[in-house]
Each structure stands twice: as C-alpha cells, then as structure tokens.
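Please read the structure below before turning to the comments.
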Amino acid sequence: MNVKTLFIVGPTASGKTALALQLAEELGGEIICADSRTIYKGLDVATAKPSKAERAHIAHYGLDLISPDQKYSAGKFQKDARGWLEAIHNKNKIALVVGGTGLYIDGLYYNFTFNEAYDEALRAELESKSIEELHDYMADRSIALPENSKNKRYLIRSIERGGELGGKGDPLPDSLIVGLLPEREILDDRIRLRGHAMIAAGALEEAEQLFEHYGYDVPAASAPFYKAFAPYCRHEADVDSCLERFYLNDRQLSKRQITWFKRNSDIYWFETATKASEFVHSAIKR
RNA sequence: GCAGAGGUAGUGAAGCGGUCAAACACAACAGACUGUAAAUCUGUCGGCAUUCGCCUUCGAAGGUUCGAAUCCUUCCCUCUGCA
C-alpha cells in the first residue's frame, strides 16, 4: 500500500521515539511529534524529548515551538501539522507522526473540525459559576449537555461552541496507524528506569529553572515530572517521595492514554517495537 | 514492670450504643474526552447476587443490651512517658 503518513501512538514510555527514529531512518522519513509537552522550549529532559543528535540526524517537527508560559492547543497543532505534512510529502518522504497526545493525533487523523470561538470575558464569568448554575444556564439556552456533564471545563467549552459538536471526517488518506503497547509490568519498569535516567540527566535542575523563571502555574508545569517535583523544589519533600509520585503520575497518564487509543479501531497494536517495525515494513511493501 | 495512647476495609484516617458495609483522602479498576489534553472529569471500589436483597467484617475471645466498630472483662500486638 502507498503509505505517506505513518502514525505511531501509544502510552508514555512505550518506546515510540526509538521506533520512530529507526523507521524514519529505514524508510527515509521525517518525524512530526504529536506531543503536548515537547512543544516547550527548554524542557528537554523531563519531557523525554528526542536528543539534539537524533534531531540532527532526522528532521523533527513540532518541537520547541513556544516558551513554557505560553498556550498551545489541539487546533493549532492540527493546523501546524498539516503544514509540516505537506512539506514532508513535497520532498517525497514519509511523514511519521509520533506521540501520545490522543487529541492531537485524532484531530489530525480524523480531520476534526475544531472551533476556537471563545470570549475571555464570558469564560471568566462562566468559570465563576457552579456546575448546577452552568446546567441551568445551558438549559435556558437549549444547549445540550456534553457527555462529561460534571466536568466544568467541558461545560464551558460546550457553551462557547454554542452546543455544537465538532465534526469528524474521514481518516487521513494514505496513512497507517500503529500502536505500541507493552505489557503493563514492562511499561511500569520502563517508567521507573526512565525516571532514574531523567534525574541523572539533569531533570531536577531543569524543573528548578522552569519554576524559577516561570513559576509553578504555567501551562508547561502540569506535566507529570514537574508536578511531582514541585514540592521538592519548594523544599517541602525529599527526592525519593517525589520520584514515587512521578512514577504514579506517569502510570496514571499511561492508563488514560491507553483508554483513549483503544477507541480507535484503525490502530494496529504491537507489544514490541520489533514486531511493529516488521509489520510496517511488510505493510509498506504490499 | 508501672503510666498513658492506640489497633477500623489495599493504605492513611473518621466514627465512639441504633439512621454503619462503615465518612473522607489516596491507591486500584473501568470509562469519558473535538482549540487547556502529560490536561480535565465520571463511575466502581468487603463478598455474593448485580433489581429487591443476602452474607461476612471494625486486633482475638467472651460478656452486657431488643440492638455494639462504639460499653465491660480477659488476652494478643504497636507506640510514647516513667522505670
């Protein structure tokens, strides 16, 4: 089959990056990172961003887009990624879209119609309301409740969209989507190993700098590592307890990612990178 | 050895005669997700039945009571103070 775009998805620490680099090399492709954390400049270690050397070797898109105090979004990613996709395809290369941010992946893969409409003042007003008040507000305006009817953030978004649901289109043409899913135990081990490696590589210093320059509440600080180590940087907890917290955060994240991706029946799942890689090669040959 | 404090569901921790299968938090498990998504939120969470409901629990064994996680007795552990 004619594969122009290869998606590689899966939970954190499943080995997506290594697989992507290998396949990009073998297939002559370039990599688009669909990851809501590696977009931040200066946060390299704790976000498990591909290294400088790796990026010098294979072209990467979607990295270091903004500073830690700036906002990004799934819609922006979709727009950006379409541009990168075109650039890669124009070179007659395969694009490898790699990441664990489900909404970014789906937005691109299913051609979501995002709706960015939102009014700063209205949002502030809505945020001051309770869940019940928001329900009433919506009932008054005949705006249907979203599935997550107890999630304030979703209620507000529903109102901002005027109750309209976004559109979902056909899957991106000429694309193949592969998922990496090691057994739970192996994934846990990998998360722990990676945690140690991150600390050794200076993730703590990175976190301290992030907090020092931007504070504790910026968008970038919500990632598992920074969230877990904020108490340490404030001298409220020791490294070991924060590290345990980090493993937990990452495990819980991986669980949510798996839940998200399970819904996509187009994904071909593999336990190991080796199997995934074999499959991709044979699928492309066909 | 004496004097205190305590032993509650996976963990922490409420409850201190009935409305207790037992608050709450965390963990766990399942799920949702369309411009914050590594975010945010929901459900379940002793066992069985999974509709009514039934059964076994609050260190152990007895006892008081119509009724006990809650009161009494003894015993077993843990921590603190004095020795």
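So that the names make sense, note that chain A is the first sequence line, chain B the second, and so on, each numbered from 1.
The salt bridge (charged side-chain N to carboxylate O under 4.0 Å, His left out) analysis of residues 203-224 of chain A, with sequence neighbours excluded, yields no pairs. The list of side chain to side chain donor-acceptor pair (under 3.5 Å) pairs with a residue in residues 234-244 of chain A, not counting sequence neighbours, reads A:Arg192-A:Glu244.
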Pick out the pairs of N or O atoms, protein on one side and nucleotides 42-44 of chain B on the other, that lie under 3.5 Å.
| unit_1 | atom_1 | unit_2 | atom_2 | d |
| --- | --- | --- | --- | --- |
| B:G43 | OP1 | A:Lys150 | NZ | 3.2 |

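Looking at residues 231-250 of chain A, you'll see A:Arg245, A:Leu248 sit with a heavy atom under 4.0 Å from some atom of RNA chain B. Of the residues in residues 203-225 of chain A, those lying under 4.0 Å from RNA chain B by heavy-atom distance are A:Ser222, A:Ala223, A:Pro224. Within a heavy-atom distance below 4.0 Å of RNA chain B, the residues of residues 36-43 of chain A found are A:Ser36, A:Arg37. Residues from residues 164-190 of chain A that place a heavy atom under 4.0 Å from any atom of RNA chain B, listed by number: A:Gly166, A:Gly167, A:Lys168, A:Arg184.
Within the 3.5 Å criterion, the main-chain N or O of A:Arg161 finds no donor-acceptor partner in the side chain of A:Glu164. Remark: side-chain polar atoms of A:Glu160 are not paired, donor with acceptor, to backbone N or O of A:Tyr118 under 3.5 angstrom.
At most 12 heavy atoms of other shown residues, nucleotides or ligands fall within 6.0 angstrom of atom OH in A:Tyr232.
The side chain to side chain contact (heavy atoms under 4.5 Å, CB included) test applied to A:Thr113 returns no partner, not counting sequence neighbours. In terms of the side chain to side chain contact (heavy atoms under 4.5 Å, CB included) criterion, residue partners of A:Ala48 (sequence neighbours excluded) are, by chain and number, A:Arg194, A:Met198.
If you take atom P in B:A23 and the same atom in B:G43, they sit 15 Å apart, rounded to whole Å. The same atom, C1', is picked in B:U19 and in B:A68; the two are 15 Å apart, to the nearest Å. A gap of 47 Å separates the P atoms of B:A32 and B:G6, to the nearest Å. For B:A3 and B:G47, the C1' atoms lie 43 Å apart once the distance is rounded to whole Å. Comparing the P positions of B:U34 and B:C41 gives an interatomic distance of 15 Å, to the nearest angstrom. Across B:U70 and B:A9, the matching P atoms stand 14 Å from one another, rounded to whole Å. Nucleotides B:C26 and B:U36 place their P atoms 25 Å apart, quoted to the nearest Å. Spacing of C1' atoms, B:U40 relative to B:A5, comes out at 43 Å, to the nearest Å.
Side-chain atoms of A:Thr259 lie closest to B:A32 of the nucleotides B:G35, B:A38, B:A32. Of the candidate nucleotides B:G31, B:G35, B:A32, B:A32 has the atom nearest to the side chain of A:Tyr154.
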Q) Reading RNA chain B 5' to 3', what string of ( ), [ ], | and . shows its pairs, if Watson-Crick and G-U wobble pairs count only when both distances fall under 3.5 Å? A) ((((((((.[[[..)..(.....]]].(((((.......))))).(((....)))...[[[[[..)....]]]]]))))))).
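Between A:Ile156 atom CD1 and B:U34 atom P the separation is 14 Å, expressed in whole Å. Summarising the geometry, the separation between CD1 on A:Ile191 and P on B:A38 is reported as 14 Å, rounded to the nearest angstrom. Rounded to a whole Å, the CG atom of A:Leu108 is 13 Å from the C1' atom of B:U34. To the nearest angstrom, P of B:U34 lies 17 Å from OH of A:Tyr118.
Cation-pi geometry between A:Arg141 and A:Tyr137 is met: the NZ or CZ atom falls under 6.0 Å from the ring centre, inside 45° of the normal.
A:Ala203 and A:Phe225 get closest at one heavy-atom pair: CB-CZ, 3.3 Å. When every heavy atom of A:Arg184 is checked against every heavy atom of A:Arg251, the shortest pair comes out as NH1-NH2, 3.9 Å. The two residues A:Ala221 and A:Phe211 make their nearest non-hydrogen contact at CB-CE2, 4.1 Å. The two atoms that bring A:Lys152 and A:Glu127 nearest to each other are NZ-O, 2.8 Å, heavy atoms only. Taking both residues in full, the closest heavy atoms of A:Ala20 and A:Ile8 are given as CA-CD1, 3.8 Å, listed atom of the first, atom of the second, then distance. The minimum heavy-atom distance linking A:Val45 with A:Ala201 is given by the pair CG2-O, 3.7 Å.
Side-chain nitrogen and oxygen atoms of A:Lys255 include none within less than 4.0 Å of the OP1 or OP2 phosphate oxygen of B:A28. A:Lys262 has a side-chain polar atom (N or O) that falls below the 4.0 Å cut-off from OP1 or OP2 of B:G31. Taking only side-chain nitrogens and oxygens, A:Arg256 never comes nearer than 4.0 Å to OP1 or OP2 of B:A38. For A:Gln252 and B:A28, the shortest distance from a side-chain N or O to OP1 or OP2 is below 4.0 Å.
Below 30°, between 30° and 60°, or above 60°: for A:Tyr72 and A:Phe77 the angle between ring planes is above 60°, a perpendicular geometry. Aromatic ring orientation, A:Tyr110 versus A:Phe112: parallel (interplanar angle below 30°, classes split at 30° and 60°). Ring geometry for A:Phe246 versus A:Phe229: interplanar angle of 30 to 60°, hence tilted.
Among the atoms of the strands shown, only primed sugar atoms or phosphate atoms (P, OP1, OP2) are found under 4.0 Å from some heavy atom of A:Tyr72. Residue A:Thr47 is classed as a base contact, given a heavy-atom separation below 4.0 Å to a base. Base engagement by A:Thr113 is indicated by at least one non-hydrogen atom pair under 4.0 Å involving a base atom. Residue contacts for A:Tyr104: at a heavy-atom cut-off of 4.0 Å it reaches the sugar-phosphate backbone alone, with no base atom in range.
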Name the atoms and distances for all side-chain donor-acceptor pairs under 3.5 Å in residues 165-183 of chain A, with sequence neighbours left out.
| unit_1 | atom_1 | unit_2 | atom_2 | d |
| --- | --- | --- | --- | --- |
| A:Ser175 | OG | A:Leu172 | O | 2.5 |

Can you give each donor-acceptor pair under 3.5 Å made by side-chain atoms of residues 25-40 of chain A, sequence neighbours left out, with the distance rounded to 0.1 Å?
| unit_1 | atom_1 | unit_2 | atom_2 | d |
| --- | --- | --- | --- | --- |
| A:Glu25 | OE1 | A:His57 | NE2 | 2.7 |
| A:Glu26 | OE1 | A:Gln22 | NE2 | 3.4 |
| A:Glu26 | OE1 | A:His281 | NE2 | 2.4 |
| A:Glu26 | OE2 | A:Gln22 | NE2 | 2.9 |
| A:Glu30 | OE1 | A:Tyr61 | OH | 2.8 |
| A:Glu30 | OE1 | A:Lys91 | NZ | 3.0 |
| A:Glu30 | OE2 | A:Lys91 | NZ | 3.1 |
| A:Glu30 | OE2 | A:Lys93 | NZ | 3.3 |
| A:Asp35 | OD1 | A:Arg37 | N | 2.7 |
| A:Asp35 | OD1 | A:Thr38 | N | 3.2 |
| A:Arg37 | NH1 | A:Pro219 | O | 3.0 |
| A:Arg37 | NH1 | A:Ser222 | OG | 2.9 |

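Of the two residues near RNA chain B, A:Lys76 and A:Gly100, the one whose nearest nucleotide lies more 5' is A:Lys76. The 5' end of RNA chain B is approached more closely, in terms of each residue's nearest nucleotide, by A:Arg251 than by the other of A:Trp260 and A:Arg251.
Side-chain contact of A:Asn264 with A:Tyr109: a donor-acceptor pair under 3.5 Å is absent, judged by distance alone.
In terms of hydrophobic clustering, with Ile, Leu, Val, Met, Phe, Trp and Tyr side chains grouped at heavy-atom distances under 4.5 Å, A:Leu23 and A:Ile88 are assigned to different clusters.
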